Amino acid sequence: QVQLVESGGGLVQAGASLTLSCADSGRTFSSYAMGWFRQAPGKEREFVAAISLSGGNTIYADSTKGRFTIARDNAKSTVYLLMDSLNAEDTAVYYCAAGDAYTSDYTLYDYWGRGTQVTVSS
């Protein structure tokens, strides 16, 4: 069974960098594509980035392309989100998710973590 736990969130100033981690305590991590999503107060869940099973393929939202990097370490059952040049619009709760395909469609992910808060002060 997949159990995802995010970490690494916090309060940072605009322009700073932050790295989120999402660890799976199960033994099937390498069998799933992984995605990062975020949700700001009063807004719908938004796709951030996704990565294939092997890590060889990635996709990004237009708003994060060039600033964020998704990566995974299957030996550590962990997916990362490296975030650079953060701005106030990046403030949200960030969730990682596991599914059969790396996609921007959140409905296609089967397992979700509880999220980690990222707050960017301007």
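Counting begins at 1 with the first residue of the sequence. The structure presented is a predicted model; accordingly, all values stated were derived computationally and were not measured.
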Qualifying residue, where the test is side chain to side chain donor-acceptor pair (under 3.5 Å) with R38 and the options are T116, D90, T64: D90
Lys NZ or Arg CZ of R45 over Y106 ring: under 6.0 Å, within 45°: yes
Polar side-chain atom of T119 near backbone of L11 as donor-acceptor pair, under 3.5 Å: no
Closest non-hydrogen atom pair between A33 and D100, with its separation: CB-C, 4.3 Å
T28 and Q1: CA distance, side-chain angles, deciding distance, side-chain contact (heavy atoms from CB on, under 4.5 Å) verdict: CA-CA 7 Å; T28 59; Q1 185 170 349; over 6 Å; no
Transitive ILVMFWY side-chain link Y111 to M34, under 4.5 Å: yes
Where F68 and V48 come nearest, the two heavy atoms and their spacing: CD2-CG1, 3.6 Å
For the student: nearest non-hydrogen atoms of A14 and S122, plus distance: CB-CA, 4.2 Å
Under 3.5 Å: donor-acceptor pair, side chain of E6, backbone of C96: yes
For Y102, all residues meeting ring-ring contact (aromatic ring centres under 6.0 Å, His included), sequence neighbours excluded: none
Sub-6.0 Å ring centroid separation between F37 and W112: yes
Sequence neighbours excluded, every pair satisfying salt bridge (Lys or Arg N to Asp or Glu O under 4.0 Å) that has a member inside residues 112-122: none
Considering all heavy atoms, the nearest F29-N74 contact: CE2-OD1, 3.1 Å
Charged tip of R72 within 45° of Y32 ring normal and under 6.0 Å: no
Sub-4.5 Å side-chain heavy-atom contact between I70 and V79: yes
Backbone of V120 reached by a side-chain donor or acceptor of T91 within 3.5 Å: yes
Rounded distance (nearest 0.5 Å) linking atom CG of L86 with atom CG of L18: 6.5 Å
Side chains of T78 and D73, donor plus acceptor under 3.5 Å: no
Distance, nearest 0.5 Å, that separates CG of L20 from CG of L82: 8.5 Å
Nearest non-hydrogen partners of L4 and C22, listed with the distance: CB-SG, 3.8 Å
Reported OG-to-CD distance for the pair S63 and E46, which is rounded to 0.5 angstrom: 4.5 Å
Donor-acceptor side-chain pairing of T107 and D105 below 3.5 angstrom: yes
Reported CZ-to-CD1 distance for the pair F47 and I59, which is rounded to 0.5 angstrom: 4.0 Å
Closest non-hydrogen atom pair between S17 and D84, with its separation: OG-OD1, 2.7 Å
Heavy-atom donor-acceptor pair, D24 side chain to Q3 backbone, under 3.5 Å: yes
Donor-acceptor under 3.5 Å (Y109 side chain, W36 main chain): no
